[in-house]
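Taking it in order: structure first as structure tokens, then the write-up.
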Amino acid sequence: MAGNSQRRNRRTSNKKGAQVGSGGKRRRGLEGKGPTPPASARKGHVQNRVSNAKAKLTARRQVARRGGKGTSEMVVGRNPVFEALRDGVPATMLYVQQFIDNDERVREALQLAADRGGIHLMEAPRPELDRMTNGLNHQGLVLQVPPYEYAHPEDLAAAAFDDGEDPLIVALDGITDPRNLGAVVRSVTAFGGHGVVVPERRAAGMTAGAWKTSAGTAARTPVARATNLTRALESYQKAGLAVVGLAADGDTEVGDLPALGGPVVIVVGSEGKGLSRLVGETCDYRVRIPMPGGAESLNAGVAAGVVLYEAARRRS
């Protein structure tokens with residue numbers, strides 16, 4: 001009983017005794033937290049997402065697989081061979097028919113091949129050239145174009161981030177004409193873009209025709225090939241890029257979209273069908289190009305050039 005009474009007295013006593021301290025927490029709570037961290041270090045800030053994306057893409061780039069190689073191609077005929085050599089289309093072998101009529105075009109083609117270097121000359125009988133070209137009218141000249149080495153889509157953004165620049169990429173959806181691809185590559189180069197992405201299937205690839213239309217710029221601007229274009233666009237979104245699709249019924253005019261001034265991938269559909277459904281649903285923005293003249297649509301090369309110009313203007 002006495003012990004219980006003493007415990008009650010201690011609990012009800014007003015006498016102050018030793019108490020557990022705050023450990024300095026209250027004093028530290030009054031202190032400031034230091035300078036505000038930069039935007040790239042603040043969680044949730046767009047610059048933080050871009051910074052994190054750059055780090056991830058750089059890490060992936062160390063182990064990323066290449067986009068693979070295309071197939072070799074044969075350019076046949078005296079004028080096509082001469083033009084391909086003149087326009088810088090890559091080549092490994094020039095086949096010349098035995099006892100060929102040595103006209104001016106043949107002499108010019110042989111001179112161009114010799115001047116460029118690295119192109120082997122091979123003399124072959126006509127039946128062999130007929131077999132190689134499946135009976136096409138080769139006129140005694142056949143140029144072998146090596147497979148194109150495609151980049152991986154992630155390489156394009158990683159290279160831009162490595163250079164301290166906001167990625168500017170064009171993705172093509174449903175473009176099957178190699179000349180349109182070549183024209184887009186040329187526009188991307190002209191306006192400081194970082195590359196072009198094409199689907200692996202049912203799409204134009206880097207053929208000799210695309211090389212010629214690019215006017216040599218394909219040697220400086222990489223083309224990446226995506227197994228699935230929708231997934232490639234989603235990967236770009238996770239990396240902090242805005243996905244902007246061109247559509248005749250777009251909600252915004254191209255000149256009114258601030259996102260073009262930052263990291264962006266511009267998606268261009270075919271002239272007839274436009275963007276496919278899944279690709280269109282993946283886009284963050286759908287923009288239109290105003291055409292006061294009343295034209296229904298523009299081809300891919302022209303449309304890409306208009307939007308790339310606007311993006312370059314905002315970045316200057």
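As a basis for the values below, the full set of heavy atoms in this structure was taken, side chains included, without hydrogen atoms, waters or symmetry mates.
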[X]: what forms a salt bridge (Lys or Arg N to Asp or Glu O under 4.0 Å) with it, not counting sequence neighbours?
X	result
Glu128	Arg131
Glu73	none
Arg313	Glu310

State, with a plain yes or no, whether a side-chain heavy atom of [X] is found less than 4.5 Å away from one of [Y].
X	Y	value
Gln139	Arg105	no
Thr133	Val142	yes
Arg315	Asp166	yes
Val188	Arg186	no
Thr230	Leu233	no

With sequence neighbours left out, write down each residue that passes side-chain hydrogen bond (donor to acceptor under 3.5 Å, both in side chains) with [X], or none if nothing qualifies.
X	result
Asp103	Arg78
Thr217	none
Asp177	Arg179
Thr282	none

Considering non-hydrogen atoms only, spot the tightest contact between [X] and [Y] and give its length.
X	Y	result
Ala157	Tyr236	CB-CE2, 4.0 Å
Pro222	Leu156	CG-CD2, 3.5 Å
Ala300	Ile175	CB-CD1, 3.6 Å
Ala124	Leu129	CB-CD2, 4.0 Å

Identify each donor-acceptor pair in which a side-chain atom of residues 109-122 lies under 3.5 Å from a protein atom, sequence neighbours left out, and give them as a table.
{"unit_1": "Gln111", "atom_1": "NE2", "unit_2": "Asp115", "atom_2": "OD1", "d": "2.8"}
{"unit_1": "Gln111", "atom_1": "NE2", "unit_2": "Asp115", "atom_2": "OD2", "d": "3.4"}
{"unit_1": "Arg116", "atom_1": "NH1", "unit_2": "Leu85", "atom_2": "O", "d": "3.3"}
{"unit_1": "Arg116", "atom_1": "NH1", "unit_2": "Val89", "atom_2": "O", "d": "3.0"}
{"unit_1": "Arg116", "atom_1": "NH2", "unit_2": "Val89", "atom_2": "O", "d": "2.9"}

Do any pairs count as a side chain to side chain donor-acceptor pair (under 3.5 Å) and have a residue in residues 201-215, sequence neighbours left out, and if so which ones?
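Checked against side chain to side chain donor-acceptor pair (under 3.5 Å) - neighbours excluded - the pairs reaching residues 201-215 are Glu83-Lys212.
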
Side chain to side chain donor-acceptor pair (under 3.5 Å): which pairs involve residues 241-261, sequence neighbours left out?
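Counting only pairs at least two positions apart or across chains, the side chain to side chain donor-acceptor pair (under 3.5 Å) contacts touching residues 241-261 are Asp249-Arg286.
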
Is it the case that Asp163 and His194 place a side-chain donor and acceptor less than 3.5 Å from each other?
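No, because no side-chain N or O of Asp163 sits under 3.5 Å from a partner of the opposite role on His194.
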
Will you find, in the side chains of Arg107 and Asn102, an N or O donor that is under 3.5 Å from an N or O acceptor?
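Side chains of Arg107 and Asn102: no pair found under 3.5 Å.
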
Side chain to side chain contact (heavy atoms under 4.5 Å, CB included), that's the test. Do Val106 and Glu104 meet it? Break it down for me.
CA-CA 5 Å; Val106 173; Glu104 183 180 359; over 6 Å; no

Quick one: do Asp173 and Ser270 satisfy side chain to side chain contact (heavy atoms under 4.5 Å, CB included)? Show the steps, please.
CA-CA 7 Å; Asp173 179 27; Ser270 64; over 6 Å; no

All N/O donor-acceptor pairs, side-chain side in residues 257-267, below 3.5 Å, sequence neighbours left out:
none

The test is side chain to side chain contact (heavy atoms under 4.5 Å, CB included); show your working for His138 and Gln97 and say whether it passes.
CA-CA 9 Å; His138 51 75; Gln97 179 182 316; 3.5 Å; yes

Is the closest basic N to carboxylate O distance between Glu234 and Lys238 below 4.0 Å?
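No, this pair does not count.
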
Is there a side chain to side chain contact (heavy atoms under 4.5 Å, CB included) between Leu141 and Tyr95? Walk through the geometry before answering.
CA-CA 6 Å; Leu141 288 183; Tyr95 294 93; over 6 Å; no

Using the test side-chain contact (heavy atoms from CB on, under 4.5 Å), find all partners of Pro199 that sit at least two apart in sequence or belong to another chain.
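Pro199 satisfies side-chain contact (heavy atoms from CB on, under 4.5 Å) with Ala203, Leu229 once adjacent residues are dropped.
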
